[in-house]
Amino acid sequence: MKWMLSSALVASAAMAVPAVATPLTMTGDYLQVSISDYGTFGRNGGTPPAYVHDPLGTGTFDLSTDYISPGTPHDGFSIVASQFSWAQNNNTGWSDFGFNSPTLLAGAAAMGYANAATWSGVLSGFLEVTNSYFFNPGDERVLVVTTLTALSDLTNLAFARSVDPDSGTTTSENQRGNSTLGIDDFVGSESVANGRTLALVNIDNGGYENTTAIWSSCCSNNNPYNILGHTGGDLGLTSTGDHSLNLAYRIGDLSAGSSATFKYAYAAGLGLDDIVIPPPSGAVPEPATWAMMIGGFALIGGTLRRRRTTLSFA
């Protein structure tokens with residue numbers, strides 16, 4: 001594997017608290033996740049926890065059900081522009097954008113979330129990338145806010161996120177779109193071993209074009225142009241097997257000093273249709289309703305069966 005270490009690493013976002021560990025682990029009632037020194041989920045390799053889900057919300061985490069650490073662990077991002085060949089970071093050693101400790105966020109930078117962390121890296125002379133991660137104790141998803149800042153004029157800029165979801169087995173039922181989300185905004189994977197589901201969900205594309213893809217290669221990043229064009233290893237709307245989930249954004253031209261920001265989520269559940277976004281409404285929710293949306297909420301019947309992961313528009 002070719003290593004390309006950046007010649008400069010950027011400082012963390014304002015109001016960041018020094019990291020207590022390298023990498024950094026955050027825990028809620030439903031999720032326990034680690035942010036690697038590559039700016040992805042993971043612990044700089046295959047050691048859990050990377051992204052673990054407790055469907056009952058008891059804060060009890062079975063590391064054998066980790067979505068990312070089993071098998072050949074993979075979570076990463078890739079970026080391309082006309083000015084440079086596609087560059088990437090992943091949780092097991094590729095570091096075109098540097099190897100840099102994540103930091104906890106506090107105060108206004110945490111945006112009201114109990115768990116908040118950020119990571120930044122640089123492709124020298126071209127681009128700075130910041131990935132920030134947010135979730136509350138009651139959430140079954142982690143909101144990711146990615147900001148790309150051009151260090152020189154860039155054209156045809158594109159970004160992609162990729163994950164190999166293995167929980168209990170490497171074989172999953174994979175699907176673009178579900179009962180409430182379109183194929184460009186949702187790509188999910190349901191384990192054939194235990195039904196646990198992980199999905200990449202677009203939350204706010206910032207006005208940029210976005211799409212999802214299921215890819216034949218399970219354990220590596222892909223060129224964002226290929227994902228956006230659905231060329232190469234694209235498997236269409238559904239697949240069964242050890243395949244990766246991908247979400248890509250087409251930024252286009254970005255002048256030096258300008259930034260592009262978009263939001264997406266890694267959402268966990270117990271089925272492809274358990275992950276939903278509240279339907280659009282012209283009215284501003286009541287404060288109590290808004291609080292439930294931000295924190296996530298359970299659909300509870302006479303007996304506990306499944307929970308539906310609700311994504312907020314934070």
Side-chain angles (χ1 to χ4, degrees), residues 26-35 40-42 49-57 61 65-68 74-75 77 111 113-117 131-146 160-168 172-191 194-205 210-214 243-249 262-279 292-299 306-314:
M26 299 183 291
T27 301
D29 298 333
Y30 294 91
L31 295 177
Q32 185 175 65
V33 305
S34 295
I35 310 303
T40 67
F41 288 108
Y51 194 112
V52 190
H53 177 223
D54 171 16
L56 298 178
F61 300 101
T65 65
D66 195 315
Y67 287 105
I68 295 172
H74 168 67
D75 182 57
F77 63 89
M111 300 198 307
Y113 286 87
N115 292 297
N131 292 326
S132 299
Y133 300 85
F134 305 89
F135 70 101
N136 280 319
D139 290 343
E140 293 182 272
R141 89 290 182 269
V142 178
L143 174 70
V144 187
V145 180
T146 291
R161 196 74 191 235
S162 174
V163 63
D164 174 29
D166 297 332
S167 178
S172 301
E173 300 288 343
N174 310 300
Q175 179 177 306
R176 294 178 64 205
N178 70 359
S179 60
T180 60
L181 299 165
I183 60 175
D184 289 325
D185 292 327
F186 173 98
V187 60
S189 178
E190 183 175 330
S191 170
N194 56 33
R196 292 173 185 257
T197 298
L198 183 68
L200 289 176
V201 183
N202 171 59
I203 301 298
D204 181 354
N205 63 14
N210 69 275
T211 193
T212 65
I214 304 166
H243 305 140
S244 66
L245 310 179
N246 299 265
L247 173 63
Y249 296 85
F262 39 91
K263 302 176 182 180
Y264 49 99
Y266 281 58
L270 286 177
L272 290 164
D273 285 327
D274 287 352
I275 297 170
V276 301
I277 288 178
M292 291 200 319
M293 290 168 61
I294 292 294
F297 58 90
L299 297 179
R306 287 187 172 182
R307 300 185 78 258
R308 296 172 67 86
T309 298
T310 300
L311 305 184
S312 73
F313 292 96

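For the single chain, residues carry numbers from 1 onward in sequence order.
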Between R161 and T40, is any pair of side-chain heavy atoms under 4.5 Å apart? yes
Angle class for the Y264/Y249 ring planes (parallel below 30°, perpendicular above 60°, tilted otherwise)? tilted
Using the rule side chain to side chain contact (heavy atoms under 4.5 Å, CB included), only one of V163, L198, D75 pairs with Y51; which is it? L198
Among side-chain atoms of S189 and S172, is any donor-acceptor pair under 3.5 angstrom? yes
Is there side-chain contact between V187 and N174, with at least one heavy-atom pair below 4.5 Å? no
Output for pair (F186 CZ, S179 OG), nearest 0.5 Å, gives 8.5 Å
Who passes side-chain hydrogen bond (donor to acceptor under 3.5 Å, both in side chains) against R196, sequence neighbours left out? none
Euclidean distance, N202 CG relative to L247 CG, rounded to 0.5 Å: 6.0 Å
Tell me whether the centres of the aromatic rings in F41 and Y133 are closer together than 6.0 Å. yes
Cut-off 3.5 Å, side chains only: do N210 and D185 have a donor facing an acceptor? yes
To the nearest 0.5 Å, how far apart are NE2 in H74 and CG in L245? 9.5 Å
Test of understanding: with side-chain hydrogen bond (donor to acceptor under 3.5 Å, both in side chains), list the residues that count as partners of D66, not counting sequence neighbours. S69
From Q175 atom CD to I214 atom CD1, the distance as rounded to the nearest 0.5 Å: 7.5 Å
Tell me if a side-chain donor or acceptor on R141 pairs with a main-chain N or O of A267 at a distance below 3.5 Å. no
